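Reading through the structure tokens given below for one structure.
Note that the structure is predicted; figures quoted are calculated from it, not measured. When a ligand or atom number is given, it counts from 1 through the structure's own listing order.
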Amino acid sequence: MMKAMSGKNLFDLLAEAVTTMKPELVAELARKVLEQGLSPEDALTQGLAAGMRRMGEKYAAKECFVPEVLLASRAMYAGFDILSKAPGHKPRITRGEVILGVVQGDIHDIGKNIVKVMVQAAGFEVIDLGRNVPLPEFVKAVESHSSDGSEHSLVLGMSSLMTTTMPRMGKVIELLDKAGLRSKVKVLIGGAPVTERFAKNIGADAYAPDAHSAVLEVERLAGQVSS
Ligand code: B1M
């Protein structure tokens, strides 16, 4: 049985349990976060995401290998499942729709899933297309959700973790243009190699470096989209 502890301690322990690849401990700590009435969003960003970030740094420094990164992401999901289903974590009002996906050729979806939960928590409905999404699927989703008769604003969020796949986000914008749908949707992009400058170059409306900024950008963009 774990004693009550401060949010910061608990979030640090969560991050550590991710980097030490312990799914049972991550789940136990995530439940503790909820029992203590702490914020699931803070636990996601300061605990789970921080742990994965640390794991990413270790991988880049060749201090660990792909199987360990996979085990860490499995541990991360053990907490993610609990925190994302927390009561009161569901959107109370739908402030708009956000189509989200990782572009074709790219299977890195941990960051996208964190963005998804945070955006849902902020009251938006998320249409999750998943990862390795064929480019026309983004266009189809925009087409169907911009003509579904709803009064809500529509944002398309694309994620890419590789320099080889990030130009495909620009391709999707071109396809939206060709289909006459560009004005119906605001485009937000993100992912570790993406920059503000790249976003401008490909004609995206916004860039967010992390999940928290993604929520702020979605809120800003949703206010701009005409229904
Ligand atoms: Co891969 N991988 N990987 N990998 N992997 C990277 C990305 C890499 C940088 C590692 C390296 O070489 N240093 C490198 C890419 C190099 C490049 O740019 N060209 C790489 C590579 C090469 C590969 C493979 C090709 C390896 C191989 O097979 N030879 C292969 C690719 C397969 C494919 O996609 N086709 C591969 C595979 C994998 C695993 C399957 C083992 C696993 C992915 C598991 C999964 O996602 N389900 C994996 C992982 C985990 C990583 C690293 C280590 C960590 C990524 C991560 O989850 N970070 C990564 C190295 C690194 O980043 N240092 C690496 C934590 C996550 C919380 O952060 O995703 O950045 P992030 O998301 C953040 C922000 O970016 C932002 O908010 C999130 C939360 O704060 N954000 C958005 C993300 N999306 C957003 C969208 C928004 C807004 C903000 O708006 C819509």
Side-chain angles (χ1 to χ4, degrees), residues 14-15 18-19 21 41-81 83-84 96-122 124 126-134 138 141-142 154-169 172-173 185-196 198-199 202 204-222:
L14 261 176
V18 169
T19 54
M21 302 161 277
E41 289 81 21
D42 289 350
L44 275 165
T45 51
Q46 295 171 41
L48 301 183
M52 272 318 294
R53 214 169 25 249
R54 221 172 286 159
M55 209 58 197
E57 285 158 11
K58 282 174 81 172
Y59 181 78
K62 299 194 171 28
E63 287 168 18
C64 71
F65 300 98
V66 169
E68 288 155 297
V69 176
L70 272 178
L71 289 174
S73 66
R74 224 167 275 165
M76 198 265 326
Y77 276 120
F80 184 86
D81 285 346
L83 295 170
S84 62
E97 289 179 313
V98 181
I99 298 166
L100 211 53
V102 181
V103 291
Q104 189 165 6
D106 202 327
I107 61 164
H108 298 91
D109 62 355
I110 295 169
K112 183 270 291 171
N113 289 338
I114 292 173
V115 170
K116 174 183 172 179
V117 173
M118 301 281 284
V119 167
Q120 281 175 328
F124 291 86
V126 174
I127 298 108
D128 186 358
L129 303 180
R131 58 186 188 175
N132 190 18
V133 179
F138 287 104
V142 169
L154 187 60
V155 174
L156 169 63
M158 287 184 284
S159 181
S160 157
L161 260 285
M162 298 198 289
T163 47
T164 45
T165 54
M166 58 193 259
R168 294 182 186 157
M169 301 195 279
V172 171
I173 294 176
V185 67
K186 293 288 174 187
V187 179
L188 166 68
I189 65 168
V194 178
T195 60
E196 181 121 46
F198 175 78
I202 65 165
D205 298 296
Y207 152 74
D210 54 46
H212 174 65
S213 329
V215 171
L216 298 180
E217 286 302 334
V218 164
E219 287 175 334
R220 187 176 68 81
L221 294 174

Subject >> Numbered atoms and elements of ligand 1 in range of A208, under 4.0 angstrom, heavy atoms >> reply: 88 (C), 89 (C)
Original post:
Is there at least one protein heavy-atom neighbour under 4.0 Å from atom 16 (C) of ligand 1?
Top reply: no
**OP:** Evaluate the 4.0 Å heavy atom contact test for atom 33 (C) of ligand 1: does a protein atom fall under the cut-off?
**Re:** yes
**OP:** Report the C-alpha separation of F65 and E68 in whole Å, then their side-chain angles, then the decisive distance to 0.1 Å, and conclude whether the side chain to side chain contact (heavy atoms under 4.5 Å, CB included) test is met.
**Re:** CA-CA 6 Å; F65 300 98; E68 288 155 297; 3.6 Å; yes
Original post:
Under 4.0 angstrom from atom 8 (C) of ligand 1, is there any protein heavy atom?
Top reply: no
Subject >> Nearest atoms (heavy-atom pairs only) where K186 meets D205 >> reply: CA-OD2, 3.2 Å
**OP:** Give a yes or no on whether atom 27 (C) of ligand 1 lies under 4.0 Å from any heavy atom of the protein.
**Re:** no
Original post:
Roughly how far, to the nearest 0.5 Å, is the CG atom of L44 from the OG atom of S84?
Top reply: 7.5 Å
Subject >> Nearest-neighbour protein heavy atom for atom 21 (C) of ligand 1, which is reported as residue plus atom name and distance >> reply: M162 SD, 4.1 Å
Subject >> Heteroatom distance test (I107, ligand 1): nitrogen or oxygen, under 3.5 angstrom >> reply: yes
Original post:
Where is the nearest protein heavy atom to atom 65 (C) of ligand 1: which residue, which atom, and how far?
Top reply: M52 CB, 3.8 Å
Original post:
Considering all heavy atoms of both residues, which atom of L48 and which atom of G79 are nearest to each other, and what is their separation?
Top reply: CD1-C, 3.8 Å
Original post:
Please state which protein non-hydrogen atom is closest to atom 54 (C) of ligand 1 and give its distance, to 0.1 Å?
Top reply: G56 CA, 4.4 Å
**OP:** Begin from the C-alpha positions of L154 and I99 and carry the test side chain to side chain contact (heavy atoms under 4.5 Å, CB included) through to its verdict.
**Re:** CA-CA 8 Å; L154 187 60; I99 298 166; 3.9 Å; yes
Original post:
Quick one: does ligand 1 sit under 4.0 Å from the side chain of E217, the backbone, both or neither, non-hydrogen atoms only?
Top reply: neither
Original post:
Any N or O of A214 that comes nearer than 3.5 Å to an N or O of ligand 1?
Top reply: no
Original post:
Can you tell me the protein heavy atom closest to atom 50 (C) of ligand 1 and the distance?
Top reply: V69 CG1, 3.1 Å
**OP:** Taking only heavy atoms of R131 into account, list the atoms of ligand 1 that are under 4.0 Å away from them.
**Re:** 47 (N)
Subject >> Test item: D210 side-chain N/O and S213 main-chain N/O as donor-acceptor pair under 3.5 Å >> reply: yes
**OP:** For atom 81 (N) of ligand 1, state which one of G191, A204, A211 supplies the nearest heavy atom.
**Re:** G191
Original post:
For atom 12 (O) of ligand 1, which protein heavy atom lies nearest, and how many Å away is it?
Top reply: Y59 CE2, 4.3 Å
Original post:
Heavy atoms only: which of A199, G190, A61 is nearest to atom 87 (C) of ligand 1?
Top reply: G190
Original post:
Any non-hydrogen protein atom below 4.0 Å of atom 39 (C) of ligand 1?
Top reply: no
Subject >> Residue, atom name and distance, where the atom is the protein heavy atom closest to atom 62 (O) of ligand 1 >> reply: L161 CD1, 4.3 Å
Original post:
Is a side-chain N or O of N132 found less than 3.5 angstrom from the main chain of G105, in a donor-acceptor match?
Top reply: yes
Original post:
Is it the side chain, the backbone, both or neither of T163 that has a heavy atom closer than 4.0 Å to ligand 1?
Top reply: both
**OP:** Before accepting this row, confirm whether a basic side-chain N of the pair E217/R220 lies closer than 4.0 Å to the acidic partner's carboxylate O.
**Re:** yes
**OP:** Return the minimal non-hydrogen interatomic distance between I114 and A211, and the atom names on each side.
**Re:** CG2-CB, 3.7 Å
Subject >> Distance-only N or O hit between ligand 1 and H108, under 3.5 Å >> reply: yes
Original post:
Is there at least one protein heavy-atom neighbour under 4.0 Å from atom 5 (N) of ligand 1?
Top reply: yes
**OP:** Measure the spacing between CG of D106 and CZ of R131 and express it to the nearest 0.5 Å.
**Re:** 9.5 Å
Original post:
How many angstroms lie between CE in M158 and CG in L129, if you round to the nearest 0.5 Å?
Top reply: 10.5 Å
Original post:
Hey, which atoms in ligand 1 end up nearer than 4.0 Å to a heavy atom of G157?
Top reply: 91 (C)
Original post:
Which is it for A192 and ligand 1 at heavy atoms under 4.0 Å: side chain, backbone, both or neither?
Top reply: both
Original post:
If you look at every heavy atom in V119 and V215, which pair is closest and at what distance?
Top reply: N-CG2, 3.9 Å
Original post:
Which distance, rounded to the nearest 0.5 Å, do you find between the NE2 of H108 and the CG of N113?
Top reply: 13.0 Å
Original post:
Under a 4.0 Å heavy-atom limit, does S73 contact ligand 1 with its side chain, its backbone, both, or neither?
Top reply: neither
Original post:
With only distance considered, is L100 within less than 3.5 Å of ligand 1 through an N or O on each side?
Top reply: no
Original post:
Considering only protein heavy atoms, which is closest to atom 72 (O) of ligand 1, and at what distance to one decimal place?
Top reply: G111 CA, 3.3 Å
Original post:
Could you state the interatomic distance from CD1 (I173) to CD1 (I202), rounded to the nearest 0.5 Å?
Top reply: 4.0 Å
**OP:** Tell me which protein heavy atom sits closest to atom 74 (C) of ligand 1, plus the residue, atom name and distance to 0.1 Å.
**Re:** P209 O, 3.4 Å
**OP:** Before signing off on this row, confirm whether S159 and ligand 1 have an N or O atom pair separated by under 3.5 Å.
**Re:** yes
Subject >> Shortest non-hydrogen separation from G51 to T19 and the atoms involved >> reply: O-CG2, 3.3 Å
Original post:
Does the protein put any heavy atom within less than 4.0 Å of atom 58 (N) of ligand 1?
Top reply: no
Subject >> Minimal non-hydrogen separation, F124 against E219, with atom names >> reply: CE1-CG, 3.8 Å
Subject >> Side chain, backbone, both or neither: D109 near ligand 1, heavy atoms under 4.0 Å >> reply: both
Subject >> Spatial distance of atom CE (M52) from atom CZ (F80) [nearest 0.5 Å] >> reply: 12.0 Å
Original post:
Protein heavy-atom contact under 4.0 Å for atom 36 (C) of ligand 1?
Top reply: yes
**OP:** In sequence, state the C-alpha distance, the side-chain angles, and the governing distance for S160 and V102, and then conclude on side chain to side chain contact (heavy atoms under 4.5 Å, CB included).
**Re:** CA-CA 6 Å; S160 157; V102 181; 5.7 Å; no
Original post:
Which atoms of ligand 1 sit under 4.0 Å from any heavy atom of I114?
Top reply: 67 (C)
**OP:** Please identify which atoms of ligand 1 are closer than 4.0 Å to at least one heavy atom of D106.
**Re:** 34 (O)
**OP:** Can you sort out which atoms of ligand 1 are near G105, meaning under 4.0 Å from one of its heavy atoms?
**Re:** 33 (C), 34 (O), 35 (N)
**OP:** Could you go through the side chain to side chain contact (heavy atoms under 4.5 Å, CB included) check for L161 and K112 one step at a time?
**Re:** CA-CA 10 Å; L161 260 285; K112 183 270 291 171; over 6 Å; no
